[in-house]
Protein chains: 2
Amino acid sequence: MGGGEGKVTARKISGDARAEGAGQGGAKSVSAKDVAALAGVSRAAVSRTFTPGASVSAETRRKVLEAADALGYQVNHLARGLTRQQTGIVALIVAKLATPYRSAMVQALTGKLQAAGKVAMIINTDQEEATVELALRQALSYRADAAVILSGMPDRSIADLCHRNGQRLVLINRDDSLPGSIQLRVNDAQAGRMALLAFLRAGCRRLAVATSCDDTPSLLARERSFLEEARTLGLDVQCERFGASGYDSGLALGERLLVRPERPDAVFCTTDLIACGVMDAARQRFGLSIPADLSVIGFDDIPQAGWEAYQLTTFTQPIEETASAAVDWIARGENGDVPCRVDLTATMRWRRSVRARQAEAAPAG
Amino acid sequence: MGGGEGKVTARKISGDARAEGAGQGGAKSVSAKDVAALAGVSRAAVSRTFTPGASVSAETRRKVLEAADALGYQVNHLARGLTRQQTGIVALIVAKLATPYRSAMVQALTGKLQAAGKVAMIINTDQEEATVELALRQALSYRADAAVILSGMPDRSIADLCHRNGQRLVLINRDDSLPGSIQLRVNDAQAGRMALLAFLRAGCRRLAVATSCDDTPSLLARERSFLEEARTLGLDVQCERFGASGYDSGLALGERLLVRPERPDAVFCTTDLIACGVMDAARQRFGLSIPADLSVIGFDDIPQAGWEAYQLTTFTQPIEETASAAVDWIARGENGDVPCRVDLTATMRWRRSVRARQAEAAPAG
DNA sequence: CCCGCGCTTGCACAGCCGTGCAAACTTTCA
DNA sequence: TGAAAGTTTGCACGGCTGTGCAAGCGCGGG
C-alpha cells in the first residue's frame, strides 16, 4: 500500500462515465476524492476550491473545476454539515398541507428559505401516529437548524429537547412561549372585534359565529374576541361549532344556523373555507342572497375568497411577512435563548359579502 | 466510575446540559460519544443499540437507552447516510405549490414517503433563477435518494448527472423518458376525447377549449386530443389560450370566448381552476346559467370543483395512486437502469355542469 | 479440569468534508 | 545572488456514524 500511483480510484472515470453512465447500478456518488484523483491534486485542494475565501491558485482551481464538471461533482452538504454547525435544513411541521392557507404559507416559506440558502424539509403530521413530538425528533435526527411549527403544539419537554440539541423553534400562531424559540402571532383578537363592529355598522342585528371543533389558538381567539365584544355591548350571539375547519363543515354550519327560527343576518366564520361553505348553504339551500339577506365575514383571504362567486369580505393573512420574519430569524441565528415574539397584523379586506351601511345608525356608531 | 447499576440521574444530566446550553449558543447536539460516556460503554455499543439486528446484551441496551433518553439523543441521519448508501431524503421539485392540485399531490407524497421511512425535501422552482437544473443539483448535494419532478422538465444532461450520482428520478406527467427514471402518466389524451363525446351526447354544438399558455405536456395532451377528435368527426372547435393556468386566466378566457358572435355552448377547460373562472365569467358577467346555457368540463377534480357553487363535471386525478406508485418505486430501489413507465387513469366525475342529454340524438351516437 | 463454542464488546477503519499547520514553492527586494 | 515574505499545497485531524474483526467472557460438555 505504498504511495505509488496504484491508488487510482477514479479509473478513467471521466471517459467511462462521460460516455455512458449506464455502467451498472452505480449508486455510489462521486466524492471530492474522485475529483482530486482526476485533477491530479490533493483532496484538500478540491475542498478549498469549493470553499469561498480559501487559498487556491487559479491553475489548481481550473483543473479542479474541470474535473468536477466532467464527473458531475456536487459538494456533499451532509458531510459538510458534520463539521460546520449548520446543515442548512429547516423542518416544516405541518398537517393538512393541501389547505389553501397552509399551502400558501409553505410555498412562501420554502421560497424564502431557499433564497436565504437554506432548504425546507416537510414533516407531515396528518397520520395519527405522527405526532408533533415524533416530527420534532425526526427533524432532530436530520440535524435541522430550525423547525417551523405550523400545526399542533409541542410538549414543553420536547421543546427543551430541541433547545438542548441546538434546534431552534419557530411557532406560528401557537400560544405557548418556549425557550430558544420565536413566536409569530397575528392579531386574531382585534380581527374578531373588527368583524363584530363591521356587522353592526352594516345594520345587522342577529349575529352568529360559525367555527370548527379544532382547538387551534387562532380560531379560538377569533371566536372569543367576537363573542366578548358582543357581550360587552350587550348583544346576543349564536355560536355554532362543527367538525374540522373545511368547506364541508361550513356547509353543515350554514344549514344548522340558517334553519333556526331566529335566522342570523350576519355570520362571522373563523375561516374562509367555512365562510365559503356557509355562503353556499345560504344561497343554494335557503335561496338567500348575499349580502342582502345575510352578511358574511371570513378569515385568511384564501384565493377563493376573491373569486367572483364569493367576493368574501375577510382578513388578509400576512403570509409573506410571516414567512419573512421566520426566515430572517432563522438566518440571523445565534440570538441567545430569550424567547422572541413578533406580532403581525391581518388587515381587513373589504369585498361584497357584507351589506352596505343601513340608513339607521348602528348603536356602536 | 464503576458500572455498578449506574442508575443514570436524568436530572443531573439535564441540568448540566441546560447550563452549558445556556452558556453560549449551545449549537452542539449530543452525539453517540456523549451517550457512550454517560452509559459507561463504548461508542460502538451505542451504535449497535440503535441498529436493528445488531448484537447487544439486554443490560447494555438498557444502560444505553437510559442514557440516550436522559440526554435526548437522536441518531444523526446525516452521518448515517455517509456510510450507508441511503440518506432517506427524497427531493420534491415543484413550482406553484399553493395550487390545489399541486398541494394535494405534495401532501400525498410527503405522507406516503414518511410512512415508508423516507423524508421529503421541498425544492421550490418559483423564482426564475431556480431552474430545474439548479434544483436537481441541490438535491444532489444533499444526496437525496431520489427526486420527484412535479414541474418543469430537466435537461437530458442533468438527468444523466443524477443517474451517474445514483439519484433516481420520478417524472410525473413529463413527456421525456430518461435512463434510471420512472415516468408516471395520466390518460390525458383519452380524457380529452371523453370530454368531447360527453359534450356531443349532451347535444352541445358550439364547442370550445379554454387553456393556458403553459406548455405543460398534460395540458397540451388534453387540448390536442379534444381538438383532434373533433376534427375526426368533422366538427369545428374554438380554441382560446391565455396566461397561466389559474382562476384569473379562466375569467379572462371566459370573457373572450363568450363575447364572440358564435357563443359556445360547451367549453372544455384543461384545468379546474380555469373552469371555475370560466363558469364565474359566464354567470356573473354574461348572466348565463350552467348547464342550461353553457356546459363546462374541467380537469383535476380539485376540492372547489365539488363546491355547491360549481358542481363541476371533471376528471379525477389519481393522486393517491400516483403518490403510491412513486413511493413504491423509490422504496423498492435498485431496479436497474431500464426506464420504467406507469400509466394511471383519471376517471370522469359527473356533476352538474354538463346539461342532460337532449331529446335529439347526438351524431356520435 | 480443560477445551471449544457462542455471545458481547471494543478497536479501528471507512465514508465525506473542512481546516490548522507546516512544508514547499514563488515572488520580491536588497 | 541570497534572503525574506507571501502564496499554495499536502498532511493529518476532527466531526459522527456503521461494521468487520478479533479478543474477552461465560458456559456447557467431555
Side-chain angles (χ1 to χ4, degrees), chain A residues 1-3 5 7 9-10 27-37 39-64 67-68 71-89 140-145 165-166, chain B residues 3 27-37 39-64 67-68 71-89 140-145 165-166:
Chain A
M1 62 201 77
E5 82 276 14
K7 208 62 187 272
T9 316
K28 236 176 41 185
S29 67
V30 355
S31 77
K33 193 162 64 176
D34 303 330
V35 177
V41 300
S42 81
R43 205 190 48 71
V46 178
S47 184
R48 281 191 247 268
T49 299
F50 291 99
T51 303
S55 158
V56 203
S57 73
E59 173 63 8
T60 306
R61 170 180 224 89
R62 189 190 58 76
K63 281 194 291 186
V64 168
L71 293 175
Y73 171 69
Q74 291 290 128
V75 177
N76 187 335
H77 266 59
L78 273 45
R80 167 181 281 176
L82 276 190
T83 70
R84 290 212 205 301
Q85 289 313 29
Q86 307 255 343
T87 57
I89 297 176
L140 233 35
S141 78
Y142 279 99
R143 297 299 186 265
D145 293 342
N165 279 344
Chain B
K28 235 176 41 187
S29 67
V30 353
S31 77
K33 195 161 64 174
D34 304 332
V35 177
V41 299
S42 82
R43 203 189 52 68
V46 178
S47 183
R48 279 191 249 268
T49 299
F50 291 100
T51 303
S55 159
V56 203
S57 74
E59 173 62 8
T60 306
R61 174 180 220 89
R62 187 189 61 74
K63 282 195 291 188
V64 168
L71 292 175
Y73 170 68
Q74 291 291 128
V75 176
N76 187 336
H77 267 60
L78 273 45
R80 166 181 284 176
L82 229 33
T83 70
R84 287 211 208 301
Q85 287 311 28
Q86 308 255 341
T87 57
I89 297 176
L140 233 35
S141 79
Y142 279 99
R143 295 298 186 268
D145 293 341
N165 279 345

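Convention: sequence-line order gives letters A, B, ...; per-chain numbering from 1. Just so it is clear, the model here is predicted, and its values are computed rather than measured.
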In terms of heavy-atom contacts, Asn76(A) and Leu82(B) come closest through ND2-CD1, 3.9 Å
Looking at every strand, decide which applies to Val75(B) at a 4.0 Å heavy-atom threshold: base, sugar-phosphate, or nothing. sugar-phosphate
Polar atom pairs (N or O), protein with nucleotides 25-27 of chain D, under 3.5 Å:
none

Can you check the [X] [atom1] to [N] [atom2] distance for me, whole Å?
| X | N | atom1 | atom2 | answer |
| --- | --- | --- | --- | --- |
| Arg62(A) | dT8(D) | CZ | P | 16 Å |
| Lys33(B) | dG18(D) | NZ | C1' | 16 Å |
| His77(A) | dG15(C) | NE2 | P | 22 Å |
| Leu78(B) | dC17(C) | CG | P | 13 Å |
| Asp34(A) | dC17(C) | CG | C1' | 13 Å |
| Asn76(A) | dC17(C) | CG | P | 5 Å |
| Leu82(A) | dT19(C) | CG | P | 13 Å |

Check side-chain hydrogen bond (donor to acceptor under 3.5 Å, both in side chains) between [X] and all other residues, then give those that pass, not counting sequence neighbours.
| X | result |
| --- | --- |
| Ser47(B) | none |
| Ser141(A) | His77(B) |
| Ser57(B) | Thr60(B) |

By nearest-nucleotide position on DNA chain C, the 5'-leaning member of Arg84(A) and Ala79(B) is Ala79(B)
Please tell me if Tyr73(B) has a side-chain N or O lying less than 4.0 Å from either OP1 or OP2 of dT17(D). yes
**Prompt:** Does OP1 or OP2 of dG18(D) have a side-chain N or O of Ser47(B) closer than 4.0 Å?
**Reply:** yes
OG of Ser29(B) to CG of Leu71(B), rounded to nearest 0.5 Å, is 11.5 Å
So the salt bridge (charged side-chain N to carboxylate O under 4.0 Å, His left out) pairs with at least one residue in residues 43-60 of chain A (sequence neighbours excluded) are Glu59(A)-Arg62(A)
Contacts of Arg84(A) meeting salt bridge (charged side-chain N to carboxylate O under 4.0 Å, His left out) (sequence neighbours excluded), chain-then-number -> none
Asp145(A) meets the salt bridge (charged side-chain N to carboxylate O under 4.0 Å, His left out) criterion, sequence neighbours left out, with Lys118(A)
From the list Thr49(B), Val41(B), Val46(B), side-chain contact (heavy atoms from CB on, under 4.5 Å) with Lys63(B) holds only for Val41(B)
Ala144(A) meets the side-chain contact (heavy atoms from CB on, under 4.5 Å) criterion, sequence neighbours left out, with Ile89(A), Ala91(A), Ala139(A), Gln167(A)
Which of dG18(D), dT17(D), dC17(C) is nearest the side chain of Arg143(B)? It is dC17(C)
Side chain to side chain, Leu78(A) and Tyr142(B), heavy atoms closer than 4.5 Å: yes
Readout for nucleotides 6-14 of chain C: B = base within 4.0 Å of protein heavy atom, S = sugar-phosphate only, - = neither; 5' to 3' it is --BBBB--B
As a check of understanding: the bend across the helix from dC1(C)-dG30(D) to dA30(C)-dT1(D), end axes from five pairs, rounded to 10 degrees, works out to 50°
Is a side-chain donor or acceptor of Asn165(B) paired with a backbone partner of Tyr73(A) at a separation under 3.5 angstrom? no
